[in-house]
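Along the sequence shown, residues are numbered consecutively beginning with 1.
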Amino acid sequence: MFLEKFRKNAERSDKSVKLNFLALKLTLFLPFILPACDFENVLEPTFNDPAKEFFKEYTESAAVMQHQILVPTYNDGSLHLCISSMEDGTVTLFMRNPQRYKLDTTVTFPALDSEIDLSAVTIEQDTNDTLKLTMPVTFLVDADEGKEISPTVHLTEPRSGRNFGDYSFSLFSNTKPPELNNPTVLNESNTTFVVAFDMPSQAELALRHKDLTSISVNGQSYPVSVDADGNFSFSDSAFSTTQKTLIAIGGKTFTYNDRSVYYTTGEPFVEGDKEYSIILADKAGLSSTSLASTKITKLNSPTITNVSGKSIESKYDTDYNSVTNEYKPKSLPLLSGKEYTTVTVTAPTADNLGGAVSSDGLEVHYTLYNGTPKVAKLVKTGTFSGSLTLELEVGSWYLETYATKTNYEKSAKAISYIRVLDSCLFIGENGSDEDTEADGTDALPYKTIHKAIADINKRNDDSVEYTLMIQGNVTGEENTDSIAASGLIITSANSPSSDTLGTFSLTSGIPVTIKAVKVTNLTAKTANNITVSEDAVITTATVQGTSLGIESNAQITEVNLVSGGTLKITGNLKQETAATITPETYANGAKVVADSEYLAANYEKIKVKQNNTDSVWLVLSDGTLIERVKRNITITVIQQEEDIEVTQTSSGNEVTFKLTTTGCSTYNWTVDGTAQTGITDTLVIDTTSWTKGTYDIYLEAVKDSKTYSYHAQITKN
């Protein structure tokens, strides 16, 4: 701009063009000699009009001359210059500023949607001659998927208010599609090859890859779509998300999870090496390539451990909740005296065949999100060798990591969904209640719930819900004191099969949820609000004058109801026998299961312990007891044709008729005028609810194209 202006001024001058260009060369050192010059006398009067104007403007103003983007860039299919939202975007802008002004700087993004938050974007004067523009990840994520973020930088001299002009350059925010996870070549019934892989996490797709459009396998392209929540779908029948049983090749197994996809190649299966290149592309033409091969071994996954060195990797087969469609978080407490906890990611040392892997050239890649696997904000991403320790503050975290090395397939991803709690206390059979030996952390657990409650009461914050993590066989607790908490969650540190609480009884009325732990003796008393939830196993429960809640996959072997105590179904039950109750008094109409929105759909999963052999006690849909009296049963055969034979047996209230003649092709049973469906040669009848009377049983069976009949009667006295 300044050269052009100078050229025009020179053309208007009566002096030689050579003098004008000589003056231009002086600008190389004007910042050092001209600030103190007298412009009225620096040049001869015959020259000074156009040149002096230029020099004056040049030396008494500032402008951005060029810029340097300090993060990797690449071009999309339309040759737009792009940067990724995986890290902060930083730009250095180089100025001419001979007067060394301290400038007011602002930046705008004229092409960008006005709803995108710019508050975290900063631009500041780094030195006399440079500016630093920082576009943080939060801004770039909002602008990702190909939005134009071309910045315009404005310079103002604050004392005079002069605007020194604008500087712009072209830029787009668009992150390359992530590589697919764990691509593996498998054998389907020795007929064809199948390529199995995991799509990127839901959070990652929802954040910045809703613009995915295609997936290509060895050059054959197929459409793929991603919705606003990060859910993906394939329209071509070659792709399936339904779990398959396939044959491993070269010891490379594939573990199915909720992000898994199977691509059936249709190629005939033959022994030998096989390799597939899989390209994931977005609408702007950016792409990533993943390789699935039988030729080379695969790295084992990195390990993710807590401060005690225990694995906290989230496993699909044990930590995935099919009801909520998400992983169960790994609860971790804050380190003693700290405002954070730590997790460590360590590189693998072996491949899938057990061969040792050298650390030379071995890299571990990780991405850390703040949030859940479904809804998260990117916090940090990077690559390291050896091991890396991350500090996590209170909150929910989602960590993904995998390993790469030349001449190896990249590892499957290791993931961990972590919830850091300052309200999580560990109680272990090998713990201690001495303050100098234990602090309630995973590494230094308390020995008893009594000590944990004492710790809670010291904090004296009844707005906090605390989680008590049971490790091993813990004696239990019969607490008679108040508890300064909004509620308690009692759960296992490992699994219900290995962690047991011997006894648990409270007088405090705070809500208590027991889940994923075994309790041998539970007592719910008046004013308690206790719920037995997911995967909890209770051997014996006593309910005194209150309701004990039960939901999900929980199971109670025996519930003793006393002093008006009831069971309450607080969520849908998964176990066919979720609980067996023993009423204090057996009486028709006695209320044993409290009213709730889940009662009508789940009451049949609550059984009653029988008190004699003359009747059967059941729970009705309104939660009351009813007695079904057992009656004497007599079976009388009215008609049986010679070519067929039917046997009759009874056990309690159950009667069984069985056609023992072979070769019959059709069976039509009728019970007291009602045709039975789905019955073959055996008819089983439960007569528990039948009243006194006689009931007809008919059978028509076809053998060798001839129909034979059978007629019997059941009499209940």
Just by modelled atom types, is the [Y] backbone N or O under 3.5 Å from a matching donor or acceptor in the [X] side chain?
{"X": "Thr585", "Y": "Ala587", "answer": "no"}
{"X": "Ser492", "Y": "Ala516", "answer": "yes"}
{"X": "Asn528", "Y": "Ser508", "answer": "yes"}
{"X": "Ser411", "Y": "Ala403", "answer": "yes"}
{"X": "Thr577", "Y": "Ala579", "answer": "no"}
{"X": "Thr342", "Y": "Thr389", "answer": "no"}
{"X": "Lys374", "Y": "Gly371", "answer": "no"}
{"X": "Thr624", "Y": "Val619", "answer": "no"}
{"X": "Asp229", "Y": "Asn231", "answer": "no"}
{"X": "Thr687", "Y": "Trp690", "answer": "no"}

Please evaluate residues Ile449 and Phe504 with respect to the criterion side chain to side chain contact (heavy atoms under 4.5 Å, CB included), reporting the C-alpha separation (whole Å), side-chain torsions for both, the decisive distance (0.1 Å), and the verdict. CA-CA 9 Å; Ile449 289 182; Phe504 187 73; 4.1 Å; yes

Hey, are Glu551 and Thr570 close enough side-chain-wise for a donor-acceptor pair under 3.5 Å?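 The criterion, which ignores hydrogens and geometry beyond distance, is satisfied for Glu551 and Thr570.
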
Do the side-chain N and O atoms of Glu534 and Ser552 include a donor-acceptor pair separated by under 3.5 angstrom?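 Absent: no donor and acceptor within the cut-off.
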
Before giving the answer on side-chain hydrogen bond (donor to acceptor under 3.5 Å, both in side chains), spell out for Ser225 and Ser233 the whole-Å C-alpha distance, their side-chain angles and the decisive distance to 0.1 Å. CA-CA 6 Å; Ser225 60; Ser233 61; 2.8 Å; yes

Begin with the C-alpha distance, continue with both residues' side-chain angles, and end with the deciding distance and a verdict on ring-ring contact (aromatic ring centres under 6.0 Å, His included) for Tyr327 and Tyr417. CA-CA 7 Å; Tyr327 285 90; Tyr417 174 28; 7.8 Å; no

Taking 4.0 angstrom as the limit, do [X] and [Y] come out as a salt bridge?
{"X": "Asp535", "Y": "Lys328", "answer": "yes"}
{"X": "Lys568", "Y": "Asp595", "answer": "no"}
{"X": "Arg459", "Y": "Asp455", "answer": "yes"}

Just wondering, are more than 12 heavy atoms of other shown residues or ligands nearer than 6.0 Å to [atom1] in [X]?
{"X": "Glu393", "atom1": "CD", "value": "no"}
{"X": "Lys591", "atom1": "NZ", "value": "yes"}
{"X": "Lys518", "atom1": "NZ", "value": "no"}
{"X": "Glu339", "atom1": "CD", "value": "no"}

Mind running side-chain hydrogen bond (donor to acceptor under 3.5 Å, both in side chains) on Ser331 and Arg419 for me, showing each step along the way? CA-CA 5 Å; Ser331 296; Arg419 182 170 294 159; 5.8 Å; no

Under 30°, 30 to 60°, or over 60°: which ring-plane class applies to [X] and [Y], parallel, tilted or perpendicular?
{"X": "Tyr316", "Y": "Tyr256", "result": "perpendicular"}
{"X": "Tyr402", "Y": "His365", "result": "parallel"}
{"X": "Phe239", "Y": "Phe234", "result": "parallel"}

Could you report the tightest heavy-atom contact between Arg208 and Met86, atom names first, then the distance?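 Arg208 and Met86 have their closest heavy atoms at NH2-SD, 3.0 Å.
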
Only one of Thr582, Thr540, Thr580 forms a side-chain hydrogen bond (donor to acceptor under 3.5 Å, both in side chains) with Glu558, so which one is it?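 Looking at Thr582, Thr540, Thr580, the match for Glu558 under the side-chain hydrogen bond (donor to acceptor under 3.5 Å, both in side chains) is Thr582.
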
Are Val543 and Val559 close enough, and set up right, to give a side chain to side chain contact (heavy atoms under 4.5 Å, CB included), and what steps lead you there? CA-CA 7 Å; Val543 187; Val559 184; 3.7 Å; yes

The test is ring-ring contact (aromatic ring centres under 6.0 Å, His included); show your working for Trp397 and Tyr369 and say whether it passes. CA-CA 6 Å; Trp397 303 88; Tyr369 302 90; over 10 Å; no

Verify side chain to side chain contact (heavy atoms under 4.5 Å, CB included) between Lys525 and Ser505, making sure each step is shown before the conclusion. CA-CA 8 Å; Lys525 299 180 179 179; Ser505 174; 3.2 Å; yes

